Amino acid sequence: MLVLGIESSCDETALALVDDGGVRAAVISSQADIHALFGGVVPELASREHARLIGPLLDSLFRQADLGPAPWKSIDRIAVTRGPGLMGSLLVGVAFAKSLSMAHDIPLIGIDHLQGHLLAAELEHDILWPALGVLISGGHTHLYRMEGPVDMTVLGKTIDDAAGEACDKFAKAAGLPYPGGALLDALGKRGHADPHLFPRPYTHNDNLDFSFSGLKTAGALWLSQHADAHFPPGDTPARERLDSASQTLCDAAASYLLAVAETLTIKAERAMALFHPESIVVAGGVAANSVVRQEFANLAERHGIPLIIPRLSLCGDNAVMIAKAGWHMAMAGRVHDLSLSAIPRGQTIPQDWKTL
C-alpha cells in the first residue's frame with residue numbers, strides 16, 4: 001500500500017510517499033523566511049506560496065522516489081490534511097488532492113492534522129496501546145486517549161492560547177525574531193531555571209483542559225519590568241548572536257519553558273490516572289523543545305512506561321505524518337469522496353469517511 005501525503009495547513013508545503021515499509025520519499029518547503037518579515041504567518045501569503053510550490057514539489061517527490069515513467073500506477077491512496085489550520089492554506093492542499101484523485105482515479109482520504117502528528121513517531125517506534133497522546137504545537141495543545149492509530153478521543157485541550165503560542169509570544173516580547181520558539185530553547189539551555197518565577201497556569205482545578213493566556217501575560221509583565229532581559233538587535237542571524245544575550249534573559253527563558261513543560265505534565269499525569277496508558281506519545285512542534293522532552297521523560301520514568309517522541313525533523317508540520325495516518329486509514333478501509341471539506345481551526349473534524 002503506497003500512500004501519497006499532502007500537507008499545507010500553515011506555512012509548510014510538504015509531500016511524502018509512505019508504504020508498508022516506511023518512508024519512500026519526502027519533500028518540504030518552508031515559508032519561515034517570508035513570514036519572518038512580518039513577525040508571524042500572514043494567511044494570504046501562505047496560501048499563495050502553497051499554490052506556487054505544490055506542483056513543482058510533487059515533481060521533485062516523484063524524481064526522488066524513482067517510481068518509473070508511470071508513477072500514478074504505483075500510488076494506492078492520496079491522503080491530505082483537511083484541518084485544522086488556515087482555511088486558505090488548507091483549501092490549496094485539498095483542491096490539489098481532489099484534482100489528483102479525480103484525474104488518476106485514486107481513492108482520497110482526509111486527515112486530521114493533529115492525529116497525524118501523533119502518528120509520526122510510529123515510523124520509528126512501536127506505540128503500545130492504549131497510549132496517552134500529547135499534541136503540543138503553536139496553535140494547539142490537546143490530550144488524547146489513543147486506543148489505536150484510527151481510534152483517538154480528545155480528553156482535554158486549550159481553552160485559549162496554545163503552549164507554542166505562549167512560547168512564541170514570550171520570545172517576540174523578548175526581542176527574538178520569528179519563529180522564536182527554537183531560539184528561546186537555545187537561550188534556555190544557557191540559563192538556570194527558577195521554578196517560582198512564572199506560574200503553572202490553570203492547574204488548580206480538576207479538569208484536563210489548558211489555558212496559557214495567564215502565563216503569557218505573566219511573561220510579558222516580567223519582561224516589561226526587566227530591561228536587561230531583551231535580546232540585543234543586530235544585522236547577523238539571531239542564532240549567531242546568542243552569546244550576546246544577557247544571563248537574565250537566559251535564566252528567564254529557562255524558567256518560562258519549565259513553567260510550560262510542568263503545566264503540560266501536570267495535566268498529562270492527571271489524564272493517566274483515568275485509563276493507565278501503556279505508553280506516552282508526545283508530538284507537534286513544541287515536542288522538539290528540550291525542556292518539554294526532558295519533563296515528559298521524567299514523567300514516563302516515574303510511571304515505568306515508554307515515552308515515544310518523533311525525531312526532531314518530524315515534530316514540525318510535514319507530509320510524512322499525513323501519509324502515515326492515511327496508510328492507517330486505508331488499512332481500516334476508510335476513504336472520502338470529492339465532497340471532502342477543509343476544516344479551519346476551531347471547528348471539529350467530522351468523522352465522515354466511507355468504508356470500502
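The structure presented is a predicted model; accordingly, all values stated were derived computationally and were not measured. The first residue of the sequence shown is numbered 1, and numbering continues consecutively from there.
Judged purely by atom type and a 3.5 angstrom limit, Asp209 has no side-chain atom pairing as donor or acceptor with the backbone of Gly156. Listed for the Ser8 side chain is no donor-acceptor partner under 3.5 Å among the backbone atoms of Val92. Without hydrogens or angle criteria, Asp76 side chain to Val3 main chain gives no donor-acceptor distance under 3.5 Å. Of the possible polar contacts, none joining the Arg24 side chain to the Leu67 backbone as a donor-acceptor pair under 3.5 Å is found. No donor-acceptor pair under 3.5 Å is formed between the side chain of Glu12 and the backbone N or O of Asn318.
Side-chain contact between Leu208 and Leu274: present, with at least one pair of heavy atoms (C-beta onward) separated by less than 4.5 Å. The shortest side-chain heavy-atom distance between Leu119 and Met321 does not fall under the 4.5 Å cut-off. Residues Ile75 and Leu17 meet the side-chain proximity criterion, which asks for heavy atoms closer than 4.5 Å. Here the side chains of Asp317 and Thr81 are not in contact, with every heavy-atom distance at 4.5 Å or above. Counting heavy atoms from C-beta outward, His226 and Ser246 have side chains that stay 4.5 Å or more apart.
Shown here is Gln351, whose CD atom has no more than 12 heavy atoms of other residues, nucleotides or ligands within 6.0 Å. Sparse packing is recorded around CZ of Arg48, with 12 or fewer heavy atoms of other residues, nucleotides or ligands lying under 6.0 Å away.
With sequence neighbours left out, Ser137 forms a side chain to side chain contact (heavy atoms under 4.5 Å, CB included) with Leu135, His140. Not a single side-chain hydrogen bond (donor to acceptor under 3.5 Å, both in side chains) links Thr217 to another residue, sequence neighbours left out. In this structure Asp20 satisfies the salt bridge (charged side-chain N to carboxylate O under 4.0 Å, His left out) test with no other residue, sequence neighbours excluded. Take Ser341 and apply the side chain to side chain contact (heavy atoms under 4.5 Å, CB included) test, not counting sequence neighbours, and it matches Arg82, Ile343. With sequence neighbours left out, Lys169 forms a side-chain hydrogen bond (donor to acceptor under 3.5 Å, both in side chains) with Glu165. Taking the side-chain hydrogen bond (donor to acceptor under 3.5 Å, both in side chains) definition, one finds that Trp129 meets it with nothing, sequence neighbours left out. Every side chain to side chain contact (heavy atoms under 4.5 Å, CB included) that His196 has, sequence neighbours left out, goes to Asp194. Under the rule for a side-chain hydrogen bond (donor to acceptor under 3.5 Å, both in side chains), Gln347 has no partner lying at least two apart in sequence or in another chain.
Contact record, Leu340 with Lys98: O-NZ, 2.7 Å, taken as the closest heavy-atom pair. Ala46 and Ser89 make their closest contact through CB-OG, 3.6 Å (heavy atoms, listed as atom of the first residue, atom of the second, distance). Across all non-hydrogen atoms, the minimal contact from Leu90 to Ala342 is CB-CB, 3.9 Å.
Legend: salt bridge (charged side-chain N to carboxylate O under 4.0 Å, His left out) pairs involving residues 257-276, not counting sequence neighbours, sorted by first then second residue: Arg200-Glu262, Glu269-Arg302. Applying the salt bridge (charged side-chain N to carboxylate O under 4.0 Å, His left out) test to every pair with at least one member in residues 147-163, sequence neighbours left out, gives these pairs: Arg145-Glu147, Asp161-Lys216.
Summarising the geometry, atom OG belonging to Ser101 is positioned 10.0 Å from atom CD1 belonging to Ile109; distances are rounded to the nearest 0.5 Å. Atom OG1 of Thr141 sits about 6.5 Å away from atom CG of Leu264, to the nearest 0.5 Å. Rounding to the nearest 0.5 Å places SG of Cys250 at 12.5 Å from NZ of Lys189. In this structure, CH2 in Trp72 is found 12.5 Å from CG in Asp105, a value given to the nearest 0.5 Å. Distance check: Asp185 CG to Arg190 CZ gives 11.5 Å after rounding to the nearest 0.5 Å. Remark: His142 NE2 to Ile136 CD1 distance equals 12.5 Å, nearest 0.5 Å.
Between the side chains of Glu7 and Ser9, at least one donor N or O lies within less than 3.5 Å of an accepting N or O. Side-chain polar atoms of Asp228 and Thr248 form a donor-acceptor pair below 3.5 angstrom.
Ring orientation note: the planes of Phe170 and Tyr256 are close to parallel, at an angle under 30° on the 30°/60° scale. Using bins of under 30°, 30° to 60° and over 60° for the plane-to-plane angle, the ring pair His113/His117 lands in the perpendicular bin.
Cluster partners of Val23, using a side-chain heavy-atom cutoff of under 4.5 Å among ILVMFWY residues and allowing indirect links, are Val18, Leu123, Leu314, Val320. Hydrophobic clustering, defined by side-chain heavy atoms of Ile, Leu, Val, Met, Phe, Trp and Tyr closer than 4.5 Å, groups Tyr178 together with Val41, Leu86.
For the side chain to side chain contact (heavy atoms under 4.5 Å, CB included) with Tyr202, the lone residue among Thr158, Thr263, Ile159 that qualifies is Ile159. Here the options are Leu312, Val282, Leu307, the test is side chain to side chain contact (heavy atoms under 4.5 Å, CB included), and the partner is Arg293; only Leu312 passes.
Under a hydrophobic clustering in which Ile, Leu, Val, Met, Phe, Trp and Tyr are joined whenever their side-chain heavy atoms come within less than 4.5 Å, directly or via other members, Phe296 and Val260 fall into the same cluster.
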